[in-house]
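I have a structure I would like to understand better, so I am pasting it below and will then ask my questions one at a time.
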Protein chains: 2
Amino acid sequence: MKTEKDRITSCDCNLIHKETVEYVAGKMPSEEDLYDLAELFKVFGDTTRIKILCALVEAEMCVCDIAALLNMTQSSISHQLRILKQARLVRYRRDGKVVYYSIDDEHVKQIFDQGLIHLKER
Amino acid sequence: MKTEKDRITSCDCNLIHKETVEYVAGKMPSEEDLYDLAELFKVFGDTTRIKILCALVEAEMCVCDIAALLNMTQSSISHQLRILKQARLVRYRRDGKVVYYSIDDEHVKQIFDQGLIHLKER
DNA sequence: ATAACATATGTACACTTGTTCATATGTACA
DNA sequence: TGTACATATGAACAAGTGTACATATGTTAT
(Lines give C-alpha, C1' and ligand atoms only; values in the text may rest on other atoms or scores of the structure.)
Protein backbone atom coordinates (compact mmCIF):
# COMPACT_ATOMS: atom_id res chain seq x y z
CA MET A 1 0.00 0.00 0.00
CA LYS A 2 1.54 3.25 -1.17
CA THR A 3 1.52 6.30 1.07
CA GLU A 4 1.88 9.93 -0.04
CA LYS A 5 5.40 9.89 1.30
CA ASP A 6 6.37 7.06 -1.03
CA ARG A 7 5.35 9.04 -4.06
CA ILE A 8 7.43 12.09 -3.21
CA THR A 9 10.80 10.56 -3.89
CA SER A 10 13.30 13.38 -3.98
CA CYS A 11 12.75 14.76 -0.49
CA ASP A 12 14.81 12.93 2.08
CA CYS A 13 13.12 14.68 5.01
CA ASN A 14 10.41 13.00 7.02
CA LEU A 15 8.32 15.98 7.96
CA ILE A 16 6.00 17.15 5.22
CA HIS A 17 3.00 19.41 5.63
CA LYS A 18 1.00 17.39 3.17
CA GLU A 19 -2.04 19.69 3.10
CA THR A 20 0.03 22.80 2.51
CA VAL A 21 1.96 21.17 -0.32
CA GLU A 22 -1.23 19.99 -1.99
CA TYR A 23 -2.92 23.37 -1.55
CA VAL A 24 0.01 25.25 -3.06
CA ALA A 25 0.39 22.69 -5.84
CA GLY A 26 -3.17 23.52 -6.90
CA LYS A 27 -2.46 27.24 -6.93
CA MET A 28 0.76 27.20 -8.98
CA PRO A 29 0.83 28.63 -12.52
CA SER A 30 1.43 26.15 -15.31
CA GLU A 31 4.89 24.73 -15.85
CA GLU A 32 5.02 26.52 -19.21
CA ASP A 33 4.12 29.92 -17.74
CA LEU A 34 6.73 29.53 -15.02
CA TYR A 35 9.35 28.65 -17.59
CA ASP A 36 8.47 31.57 -19.84
CA LEU A 37 8.45 33.94 -16.88
CA ALA A 38 11.95 32.87 -15.89
CA GLU A 39 13.08 33.28 -19.49
CA LEU A 40 11.68 36.81 -19.55
CA PHE A 41 13.43 37.82 -16.35
CA LYS A 42 16.62 36.20 -17.60
CA VAL A 43 16.54 38.75 -20.41
CA PHE A 44 16.23 41.55 -17.84
CA GLY A 45 19.01 40.02 -15.77
CA ASP A 46 21.93 41.60 -17.60
CA THR A 47 23.30 45.08 -17.08
CA THR A 48 23.83 45.76 -20.77
CA ARG A 49 20.30 44.77 -21.72
CA ILE A 50 18.83 46.73 -18.80
CA LYS A 51 20.74 49.79 -19.98
CA ILE A 52 19.59 49.34 -23.56
CA LEU A 53 15.97 49.07 -22.47
CA CYS A 54 16.23 52.06 -20.14
CA ALA A 55 17.72 54.07 -22.99
CA LEU A 56 15.02 53.05 -25.45
CA VAL A 57 12.33 54.00 -22.94
CA GLU A 58 13.61 57.56 -23.38
CA ALA A 59 14.08 57.64 -27.14
CA GLU A 60 14.25 55.64 -30.33
CA MET A 61 17.91 55.00 -31.08
CA CYS A 62 20.11 53.39 -33.73
CA VAL A 63 22.64 50.68 -32.89
CA CYS A 64 25.49 53.14 -33.18
CA ASP A 65 23.84 55.58 -30.75
CA ILE A 66 23.42 52.86 -28.16
CA ALA A 67 27.00 51.67 -28.55
CA ALA A 68 28.22 55.23 -28.08
CA LEU A 69 25.93 55.83 -25.09
CA LEU A 70 27.05 52.69 -23.29
CA ASN A 71 30.64 52.93 -24.51
CA MET A 72 30.52 49.41 -25.88
CA THR A 73 31.22 47.54 -29.10
CA GLN A 74 28.70 47.74 -31.92
CA SER A 75 28.88 43.96 -32.09
CA SER A 76 27.90 43.32 -28.50
CA ILE A 77 25.02 45.79 -28.70
CA SER A 78 23.79 44.12 -31.84
CA HIS A 79 23.97 40.71 -30.18
CA GLN A 80 21.97 41.94 -27.20
CA LEU A 81 19.40 43.67 -29.40
CA ARG A 82 18.84 40.32 -31.05
CA ILE A 83 17.95 38.80 -27.70
CA LEU A 84 15.65 41.71 -26.86
CA LYS A 85 14.02 41.36 -30.26
CA GLN A 86 13.39 37.64 -29.73
CA ALA A 87 11.79 38.42 -26.38
CA ARG A 88 9.50 40.90 -28.16
CA LEU A 89 10.75 43.68 -25.93
CA VAL A 90 12.04 45.92 -28.72
CA ARG A 91 11.05 46.55 -32.32
CA TYR A 92 13.02 48.10 -35.15
CA ARG A 93 12.58 50.01 -38.35
CA ARG A 94 15.10 50.43 -41.13
CA ASP A 95 15.83 53.83 -42.65
CA GLY A 96 18.49 53.42 -45.30
CA LYS A 97 21.61 52.03 -43.72
CA VAL A 98 20.44 52.88 -40.24
CA VAL A 99 18.28 50.62 -38.07
CA TYR A 100 16.30 52.33 -35.32
CA TYR A 101 15.23 50.41 -32.24
CA SER A 102 12.44 51.25 -29.80
CA ILE A 103 10.49 49.69 -26.93
CA ASP A 104 7.80 47.23 -28.04
CA ASP A 105 6.02 46.83 -24.71
CA GLU A 106 4.54 49.40 -22.35
CA HIS A 107 4.98 47.04 -19.39
CA VAL A 108 8.77 47.22 -19.48
CA LYS A 109 8.84 50.55 -17.70
CA GLN A 110 6.33 49.39 -15.11
CA ILE A 111 8.29 46.23 -14.38
CA PHE A 112 11.49 48.26 -14.00
CA ASP A 113 9.80 50.77 -11.73
CA GLN A 114 8.49 47.98 -9.50
CA GLY A 115 12.00 46.57 -9.35
CA LEU A 116 13.46 49.93 -8.40
CA ILE A 117 10.82 50.36 -5.68
CA HIS A 118 11.86 47.03 -4.20
CA LEU A 119 15.49 48.15 -4.19
CA LYS A 120 14.73 51.52 -2.60
CA GLU A 121 12.92 49.86 0.29
CA ARG A 122 16.19 48.12 1.13
CA MET B 1 40.71 70.34 -30.61
CA LYS B 2 38.67 67.40 -29.43
CA THR B 3 35.30 66.67 -30.98
CA GLU B 4 32.50 64.67 -29.38
CA LYS B 5 33.33 61.83 -31.71
CA ASP B 6 36.89 61.61 -30.42
CA ARG B 7 35.70 61.10 -26.90
CA ILE B 8 33.38 58.21 -27.74
CA THR B 9 36.04 55.67 -28.49
CA SER B 10 34.36 52.30 -28.68
CA CYS B 11 31.89 53.01 -31.47
CA ASP B 12 33.42 52.44 -34.87
CA CYS B 13 30.44 53.86 -36.73
CA ASN B 14 30.51 57.33 -38.15
CA LEU B 15 26.92 58.30 -37.81
CA ILE B 16 25.96 59.36 -34.31
CA HIS B 17 22.85 61.29 -33.29
CA LYS B 18 24.77 63.36 -30.79
CA GLU B 19 21.77 65.18 -29.37
CA THR B 20 19.80 62.00 -28.81
CA VAL B 21 22.72 60.32 -27.09
CA GLU B 22 23.26 63.28 -24.80
CA TYR B 23 19.57 63.60 -24.01
CA VAL B 24 19.23 59.93 -23.11
CA ALA B 25 22.50 59.99 -21.14
CA GLY B 26 20.96 62.65 -18.92
CA LYS B 27 17.84 60.59 -18.35
CA MET B 28 19.48 57.28 -17.44
CA PRO B 29 19.28 55.94 -13.86
CA SER B 30 22.55 55.76 -11.95
CA GLU B 31 25.06 53.08 -12.80
CA GLU B 32 24.49 51.58 -9.33
CA ASP B 33 20.71 51.41 -9.73
CA LEU B 34 21.06 49.77 -13.13
CA TYR B 35 23.47 47.21 -11.73
CA ASP B 36 21.20 46.44 -8.76
CA LEU B 37 18.18 46.17 -11.03
CA ALA B 38 19.95 43.64 -13.22
CA GLU B 39 20.99 41.70 -10.13
CA LEU B 40 17.39 41.61 -8.93
CA PHE B 41 16.07 40.31 -12.24
CA LYS B 42 18.91 37.80 -12.37
CA VAL B 43 17.43 36.33 -9.19
CA PHE B 44 14.04 36.06 -10.91
CA GLY B 45 15.66 34.56 -13.99
CA ASP B 46 15.70 30.96 -12.82
CA THR B 47 12.83 28.50 -12.98
CA THR B 48 13.51 27.01 -9.57
CA ARG B 49 13.58 30.37 -7.83
CA ILE B 50 10.47 31.54 -9.70
CA LYS B 51 8.67 28.41 -8.54
CA ILE B 52 9.79 28.89 -4.95
CA LEU B 53 8.58 32.48 -4.95
CA CYS B 54 5.27 31.58 -6.57
CA ALA B 55 4.77 28.89 -3.95
CA LEU B 56 5.60 31.22 -1.07
CA VAL B 57 3.14 33.78 -2.40
CA GLU B 58 0.46 31.19 -1.62
CA ALA B 59 1.68 29.96 1.75
CA GLU B 60 4.49 29.93 4.25
CA MET B 61 6.45 26.72 3.72
CA CYS B 62 9.38 24.82 5.20
CA VAL B 63 12.35 23.73 3.09
CA CYS B 64 11.12 20.19 3.02
CA ASP B 65 7.67 21.22 1.78
CA ILE B 66 9.20 23.15 -1.09
CA ALA B 67 11.51 20.30 -2.03
CA ALA B 68 8.54 17.95 -2.08
CA LEU B 69 6.38 20.38 -4.05
CA LEU B 70 9.03 20.93 -6.73
CA ASN B 71 10.29 17.35 -6.59
CA MET B 72 13.84 18.53 -6.03
CA THR B 73 16.70 17.97 -3.62
CA GLN B 74 16.60 19.61 -0.20
CA SER B 75 20.10 20.84 -0.86
CA SER B 76 19.31 22.67 -4.08
CA ILE B 77 16.24 24.30 -2.53
CA SER B 78 18.32 25.42 0.41
CA HIS B 79 20.96 26.89 -1.90
CA GLN B 80 18.31 28.81 -3.83
CA LEU B 81 16.61 30.03 -0.65
CA ARG B 82 19.95 31.48 0.36
CA ILE B 83 20.04 33.56 -2.81
CA LEU B 84 16.44 34.69 -2.31
CA LYS B 85 17.27 35.60 1.28
CA GLN B 86 20.27 37.68 0.21
CA ALA B 87 18.06 39.53 -2.27
CA ARG B 88 15.64 40.27 0.58
CA LEU B 89 12.86 38.54 -1.28
CA VAL B 90 12.08 35.96 1.40
CA ARG B 91 12.28 35.86 5.19
CA TYR B 92 12.37 32.91 7.54
CA ARG B 93 11.47 31.92 11.06
CA ARG B 94 12.70 28.93 12.97
CA ASP B 95 10.33 26.67 14.89
CA GLY B 96 12.32 23.88 16.48
CA LYS B 97 14.08 21.93 13.78
CA VAL B 98 11.91 23.37 11.05
CA VAL B 99 12.62 26.62 9.21
CA TYR B 100 9.63 28.32 7.61
CA TYR B 101 10.09 30.64 4.65
CA SER B 102 7.73 33.33 3.39
CA ILE B 103 7.66 36.27 0.99
CA ASP B 104 9.37 39.40 2.31
CA ASP B 105 8.16 41.83 -0.36
CA GLU B 106 4.67 42.68 -1.56
CA HIS B 107 6.04 43.79 -4.95
CA VAL B 108 7.08 40.29 -5.97
CA LYS B 109 3.57 39.30 -6.96
CA GLN B 110 3.06 42.54 -8.87
CA ILE B 111 6.30 42.14 -10.78
CA PHE B 112 5.37 38.56 -11.67
CA ASP B 113 1.89 39.59 -12.77
CA GLN B 114 3.32 42.29 -15.04
CA GLY B 115 5.65 39.70 -16.51
CA LEU B 116 2.79 37.30 -17.14
CA ILE B 117 0.77 40.07 -18.79
CA HIS B 118 3.67 40.72 -21.16
CA LEU B 119 3.78 37.02 -22.05
CA LYS B 120 0.03 36.76 -22.61
CA GLU B 121 0.09 39.63 -25.07
CA ARG B 122 2.45 37.58 -27.20
C1' DA C 1 30.28 48.16 -60.32
C1' DT C 2 32.70 49.67 -56.45
C1' DA C 3 33.59 52.00 -52.20
C1' DA C 4 31.93 53.40 -47.76
C1' DC C 5 29.33 52.60 -43.96
C1' DA C 6 25.68 50.68 -40.57
C1' DT C 7 24.34 46.50 -38.87
C1' DA C 8 24.24 41.37 -38.27
C1' DT C 9 26.29 37.04 -37.26
C1' DG C 10 29.62 33.00 -36.47
C1' DT C 11 33.21 31.54 -33.51
C1' DA C 12 35.99 31.26 -29.53
C1' DC C 13 36.97 32.03 -24.87
C1' DA C 14 36.67 33.49 -20.15
C1' DC C 15 33.45 33.62 -16.71
C1' DT C 16 29.25 32.59 -14.28
C1' DT C 17 25.71 29.54 -12.51
C1' DG C 18 22.63 25.50 -10.88
C1' DT C 19 22.85 21.02 -9.29
C1' DT C 20 24.68 17.08 -6.78
C1' DC C 21 27.34 14.78 -3.25
C1' DA C 22 29.27 14.82 1.09
C1' DT C 23 29.28 16.79 5.34
C1' DA C 24 28.51 20.32 8.92
C1' DT C 25 25.31 22.78 11.96
C1' DG C 26 21.47 23.19 14.91
C1' DT C 27 17.46 21.45 17.50
C1' DA C 28 14.55 18.05 20.11
C1' DC C 29 14.01 14.11 22.67
C1' DA C 30 15.18 9.79 25.01
C1' DT D 1 25.16 12.49 26.17
C1' DG D 2 23.74 10.40 22.10
C1' DT D 3 20.57 9.74 18.34
C1' DA D 4 17.42 11.37 14.87
C1' DC D 5 16.10 14.72 11.88
C1' DA D 6 15.65 19.42 9.38
C1' DT D 7 18.48 22.56 7.31
C1' DA D 8 22.86 24.79 5.74
C1' DT D 9 27.12 24.82 3.38
C1' DG D 10 31.54 23.63 0.80
C1' DA D 11 33.45 21.66 -3.31
C1' DA D 12 33.24 20.03 -7.92
C1' DC D 13 31.41 19.66 -12.36
C1' DA D 14 28.57 20.38 -16.46
C1' DA D 15 26.08 23.67 -18.87
C1' DG D 16 25.05 28.31 -20.08
C1' DT D 17 26.28 33.28 -21.09
C1' DG D 18 28.42 37.91 -22.55
C1' DT D 19 31.99 39.87 -25.06
C1' DA D 20 35.42 40.65 -28.69
C1' DC D 21 37.28 39.62 -33.16
C1' DA D 22 36.62 38.69 -37.79
C1' DT D 23 33.65 38.77 -41.38
C1' DA D 24 29.18 38.74 -43.84
C1' DT D 25 24.99 41.26 -45.26
C1' DG D 26 22.53 45.11 -46.82
C1' DT D 27 22.10 49.96 -48.26
C1' DT D 28 23.64 54.38 -50.41
C1' DA D 29 26.16 57.19 -53.39
C1' DT D 30 29.77 57.94 -56.65
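Both backbone and side-chain heavy atoms feed into the values below; hydrogens, waters and symmetry mates do not. Here is the naming used below: chain letters follow the sequence lines, and residue numbers restart at 1 for every chain. This is a predicted model, so every value here is computed, not measured.
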Transitive ILVMFWY side-chain link A:Tyr23 to A:Ile16, under 4.5 Å: yes

Audit row: B:Arg91, B:Glu60, salt bridge (Lys or Arg N to Asp or Glu O under 4.0 Å) steps and yes/no: CA-CA 10 Å; B:Arg91 62 164 155 259; B:Glu60 178 188 63; over 6 Å; no

Nucleotide D:dT9, atom C1' - distance to CD of B:Gln86 in whole Å: 12 Å

Whole-Å distance separating the CZ atom of A:Phe41 from the P atom of D:dG16: 22 Å

NE2 on B:His107 to CG on A:Leu119, rounded to 0.5 Å: 10.5 Å

Any B:Arg82 side-chain nitrogen or oxygen under 4.0 Å from OP1 or OP2 of D:dA8: no

Whole-Å distance separating the CD atom of A:Gln80 from the C1' atom of C:dT9: 13 Å

Value in whole Å for how far the P atom of D:dT17 lies from NZ of B:Lys42: 12 Å

Show me the protein contacts with nucleotides 21-28 of chain D, counting only N or O atoms at under 3.5 Å.
| unit_1 | atom_1 | unit_2 | atom_2 | d |
| --- | --- | --- | --- | --- |
| D:dC21 | N4 | A:Ser75 | OG | 2.5 |

Touch class at under 4.0 angstrom, heavy-atom based, for A:Tyr92 against every strand present: nothing

Residue pair B:Leu37, A:Ile50: steps toward the side-chain contact (heavy atoms from CB on, under 4.5 Å) verdict: CA-CA 8 Å; B:Leu37 202 55; A:Ile50 286 273; 4.2 Å; yes

Pairwise ring pair (Phe, Tyr, Trp, His ring centres under 6.0 Å) hits with a residue in residues 36-69 of chain B, at least two apart: A:Phe41-B:Phe41, A:Phe41-B:Phe44, A:Phe44-B:Phe41, A:Phe112-B:Phe41, B:Phe44-B:Phe112

Pair assignment for DNA chain C - dot-bracket with | for other-strand partners, Watson-Crick or G-U under 3.5 Å: ||||||||||||||||||||||||||||||

Length of the line joining B:Met72:CE and C:dG18:P, which is rounded to integer Å: 11 Å

Atom-to-atom span, CG of B:Leu81 to P of C:dG18 - whole angstrom: 13 Å

A:Phe44 CZ - D:dG18 C1' separation (whole Å): 18 Å

Nucleotide nearest B:Asp46 (side chain, heavy atoms from C-beta), chosen from D:dG18, C:dG18, D:dA8: C:dG18

Whole-Å distance separating the CD1 atom of A:Ile66 from the P atom of D:dT19: 13 Å

Salt-bridge criterion met for A:Asp46 and B:Lys42 (N-O under 4.0 Å): no

Short N-O contact, B:Glu121 and A:Arg88, less than 4.0 angstrom: no

Distance, nearest 0.5 Å, that separates CD of B:Glu106 from NE2 of A:His118: 10.0 Å

Ion pair check, B:Lys51 and A:Glu31, cut-off under 4.0 Å: yes

